[in-house]
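All remarks here apply to the structure that follows.
Treat the numbers as computed from the prediction; the structure is a model and nothing was measured.
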Amino acid sequence: MPIEARDIETLLREAFPKAKISVQGDDGAHFAAEVIDESFRGLNRVQQQRAVYAALKGKMDGAQGELHALALTTKAPE
């Protein structure tokens with residue numbers, strides 16, 4: 001079953017309720033997301049992206065994951 005952009009956004013909003021979140025993509029497998037959240041302040045890019053992947057609750061895990069590719073931009077607000 002393909003995943004939709006709104007499903008990804010819902011998962012991200014649960015983990016980052018005050019974040020500015022943008023998710024784009026409509027083929028059911030390839031998406032781009034931008035997450036801007038204060039919780040990223042002081043974290044390096046790898047740490048920020050790990051937090052986002054954790055929020056996706058296994059949707060990208062292995063060949064059977066619902067989400068095949070996610071171009072991810074993360075940062076703290078300016």
Side-chain angles (χ1 to χ4, degrees):
M1 182 170 155
I3 192 166
E4 296 183 13
R6 70 173 179 242
D7 300 325
I8 296 168
E9 184 173 346
T10 297
L11 290 169
L12 295 175
R13 290 231 175 267
E14 288 174 7
F16 307 101
K18 295 182 180 180
K20 178 182 175 192
I21 298 172
S22 171
V23 180
Q24 299 181 11
D26 61 5
D27 72 353
H30 302 86
F31 296 89
E34 180 180 59
V35 182
I36 302 171
D37 191 65
E38 186 61 38
S39 69
F40 296 149
R41 192 165 308 282
L43 300 180
N44 65 39
R45 186 165 295 162
V46 171
Q47 292 168 321
Q48 293 172 16
Q49 293 188 358
R50 283 182 180 158
V52 171
Y53 290 133
L56 294 174
K57 300 179 181 177
K59 299 292 184 191
M60 289 192 74
D61 290 352
Q64 303 305 315
E66 294 175 63
L67 179 55
H68 177 70
L70 179 65
L72 188 55
T73 302
T74 58
K75 62 183 178 179
E78 294 181 4

- Query: Residues two or more places apart in sequence or in another chain: which of them pass salt bridge (charged side-chain N to carboxylate O under 4.0 Å, His left out) with Glu34?
  - Reply: none
- What residues, two or more places apart in sequence or in another chain, satisfy side-chain hydrogen bond (donor to acceptor under 3.5 Å, both in side chains) together with Lys18? none
- Query: Taking only residues two or more places apart in sequence, or in another chain, which ones meet Lys57 in a salt bridge (charged side-chain N to carboxylate O under 4.0 Å, His left out)?
  - Reply: Glu14
- Item | Taking every non-hydrogen atom, the tightest pair across Ala15 and Ala55 | CB-CB, 3.4 Å
- Task: Give the cluster check for Ile36 versus Leu12: same hydrophobic cluster or not, with ILVMFWY residues linked at side-chain heavy-atom distances below 4.5 Å.
- Result: no
- Message: Using the side-chain hydrogen bond (donor to acceptor under 3.5 Å, both in side chains) criterion, which residues pair with Glu9? Sequence neighbours excluded.
- Response: Arg13
Return all side-chain donor-acceptor pairs below 3.5 angstrom for residues 69-78, not counting sequence neighbours, or 'none' if the list is empty.
from	atom 1	to	atom 2	distance (Å)
Thr74	OG1	Gln48	OE1	2.8

- Message: Quick one, Val23 and Val35 - any side-chain contact, counting heavy atoms below 4.5 Å?
- Response: no
- Restricting to pairs with a member in residues 40-51, which pass salt bridge (charged side-chain N to carboxylate O under 4.0 Å, His left out), not counting sequence neighbours? Glu38-Arg41
- Message: So if I apply the side-chain contact (heavy atoms from CB on, under 4.5 Å) rule between Leu67 and each of Leu11, Asp7, Ile3, which one comes out positive?
- Response: Ile3
- Message: Working to the nearest 0.5 angstrom, can you tell me the gap between Gln49 CD and Asn44 CG?
- Response: 9.5 Å
- Message: Show the nearest heavy-atom pair for residues Ala51 and Phe40, with the distance to one decimal.
- Response: CB-CE2, 4.3 Å
